[in-house]
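A short write-up of the structure that comes next.
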Amino acid sequence: MKVAVVGATGMVGEVMLKVLAERNFPVTELLLVASERSVGKKMSYQGKDITVIGLADAVAAKPEIAIFSAGGDTSLEWAPKFAAVGTTVIDNSSAWRMDPTKKLVVPEINASQLTKEDKIIANPNCSTIQMVMVLAPLHKKYKMKRVVVSTYQSVSGTGVKAVQQLENEIAGIQGEMAYPYPIGRNALPHCDVFLENGYTKEEMKLAREPQKIFDDRTFSVTATAVRIPTAGGHSESVNVEFENDFDLSEVRKLLSETSGVIVQDNPDTNTYPMPIYAHDKDDVFVGRIRRDETQRNTLNMWIVADNLRKGAATNAVQIGEYLITHNLV
Ligand code: A2P
Ligand code: 11C
């Protein structure tokens, strides 16, 4: 496969290259693509130096697959140009997610919808992916009615500038600010921009994307998204009300049998998911599984994953693997 990574010099791009190599993705030629600022720069992949190229040259090379993580504007402008030359684009930005003509895919849940005709495929938001990975088997069994989620998101979700802000604050250095306030020793109830309804864009992604992924509008999700001074890994407190009652040991069994989900849940040994443990792992971790004692058929959980891995790069690479193994590219 001739594969292009668009946004190769960015935070997700860097993890993308790591994941492609680790999973032995069948790459015959790798095109590393970034902005004009980076064209000509050399990057290494599996011990080989590759020169970064621009978008127009990448389109002209007609890769079979292009994995985009270069921001929504770049995706909106360039994904259709790749699609027009026959490339299948897997896009990490929010540009195409809610477009009714595009599929929003978490391979473990809904990759079977994909066909050869899907030339632009959307990767969901990081905090959505880790939540739906855990909700999917439970929804199938007990039918969700309503989800209340509060997130504790790492600065890596914002990008390099935010990671730098946190590092500068820790080192006591004055530098450029990615957030309107200090992030060290703080918590900002503000992820992405505010919308007219008073919610942030991140909160609305959590509310809307799961319905599209499950192709089901019979349940609702409400969210509060918070940025905390963690370097890698998003955490979520998730409260789910089901139509049907559940048995806690059956919930744990169902989750432990779910591919890509690891149950870490033992209060006796202080075992629960944490970003420090999920960092650099492809799985989604769930723990603190307990019944909400204030309401019928309702469950509380704590879900953690590496937002740059399953939340972004790993999920995109898994979509690519699905396309190849099912002859869709
Ligand atoms: P560059 O490094 O040349 O700016 P991050 O989200 O970590 O900031 O990374 C964004 C990625 O998207 C980088 O690889 C960046 O390249 C790339 N990028 C940003 N704007 C463009 C653009 N207009 N065209 C192509 N790539 C872009
Ligand atoms: C964050 N979820 O942590 C964001 C990052 O829509 O793909 C990814 C933004 C997106 O702030």
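Counting starts at 1 for both ligands and their atoms, in listed order.
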For Lys103, which residues count as a salt bridge (Lys or Arg N to Asp or Glu O under 4.0 Å) partner, sequence neighbours excluded?
Asp118
Are [X] and [Y] close enough for a salt bridge, meaning some N to O gap below 4.0 Å?
| X | Y | result |
| --- | --- | --- |
| Lys253 | Glu257 | yes |
| Glu202 | Arg227 | no |
| Asp247 | Arg252 | no |
| Glu250 | Lys141 | yes |
| Lys145 | Glu243 | no |

Donor-acceptor pairs are to be reported for all side-chain atoms of residues 187-199 against protein atoms at under 3.5 Å, with residues two or more places apart or in another chain.
| from | atom 1 | to | atom 2 | distance (Å) |
| --- | --- | --- | --- | --- |
| His190 | NE2 | Asp192 | O | 3.2 |
| Asp192 | OD2 | Lys205 | NZ | 3.0 |
| Asn197 | OD1 | Tyr199 | N | 3.0 |

Could you walk me through whether Asp280 and Lys18 satisfy the salt bridge (charged side-chain N to carboxylate O under 4.0 Å, His left out) test, starting with their C-alpha distance in whole Å, then the side-chain angles of each, then the deciding distance to 0.1 Å, before giving a yes or no?
CA-CA 10 Å; Asp280 231 13; Lys18 220 164 131 182; 3.3 Å; yes
Kindly print each ligand 1 N/O atom paired with any protein N/O atom under 3.5 angstrom away, one pair per line, or none if nothing qualifies.
| from | atom 1 | to | atom 2 | distance (Å) |
| --- | --- | --- | --- | --- |
| ligand 1 | 2 (O) | Thr9 | OG1 | 2.5 |
| ligand 1 | 2 (O) | Ser38 | OG | 3.3 |
| ligand 1 | 3 (O) | Ser35 | N | 3.2 |
| ligand 1 | 3 (O) | Ser35 | OG | 2.6 |
| ligand 1 | 3 (O) | Ser38 | OG | 2.4 |
| ligand 1 | 4 (O) | Ser35 | OG | 3.4 |
| ligand 1 | 4 (O) | Arg37 | NE | 3.2 |
| ligand 1 | 4 (O) | Arg37 | NH2 | 2.7 |
| ligand 1 | 7 (O) | Met11 | N | 2.9 |
| ligand 1 | 14 (O) | Gly7 | O | 3.2 |
| ligand 1 | 14 (O) | Thr9 | N | 3.3 |
| ligand 1 | 14 (O) | Thr9 | OG1 | 2.6 |
| ligand 1 | 14 (O) | Gly10 | N | 3.0 |
| ligand 1 | 16 (O) | Thr9 | OG1 | 3.2 |
| ligand 1 | 26 (N) | Ser35 | N | 3.2 |

One line per pair, note the atom names and distance for all nitrogen or oxygen contacts under 3.5 Å between ligand 2 and the protein.
| from | atom 1 | to | atom 2 | distance (Å) |
| --- | --- | --- | --- | --- |
| ligand 2 | 2 (N) | Asn125 | OD1 | 2.6 |
| ligand 2 | 2 (N) | Glu202 | OE1 | 3.0 |
| ligand 2 | 2 (N) | Glu202 | OE2 | 2.8 |
| ligand 2 | 3 (O) | Gln153 | NE2 | 3.0 |
| ligand 2 | 3 (O) | Arg227 | NH1 | 3.1 |
| ligand 2 | 3 (O) | His234 | NE2 | 2.9 |
| ligand 2 | 6 (O) | Arg97 | NH1 | 2.9 |
| ligand 2 | 6 (O) | Arg97 | NH2 | 3.4 |
| ligand 2 | 6 (O) | Lys205 | NZ | 2.6 |
| ligand 2 | 7 (O) | Arg97 | NH2 | 2.7 |
| ligand 2 | 11 (O) | Arg227 | NH1 | 3.3 |
| ligand 2 | 11 (O) | Arg227 | NH2 | 2.5 |

Partner of Asn123 under side-chain contact (heavy atoms from CB on, under 4.5 Å), picked from Val105, Val317, Ile129, is Ile129
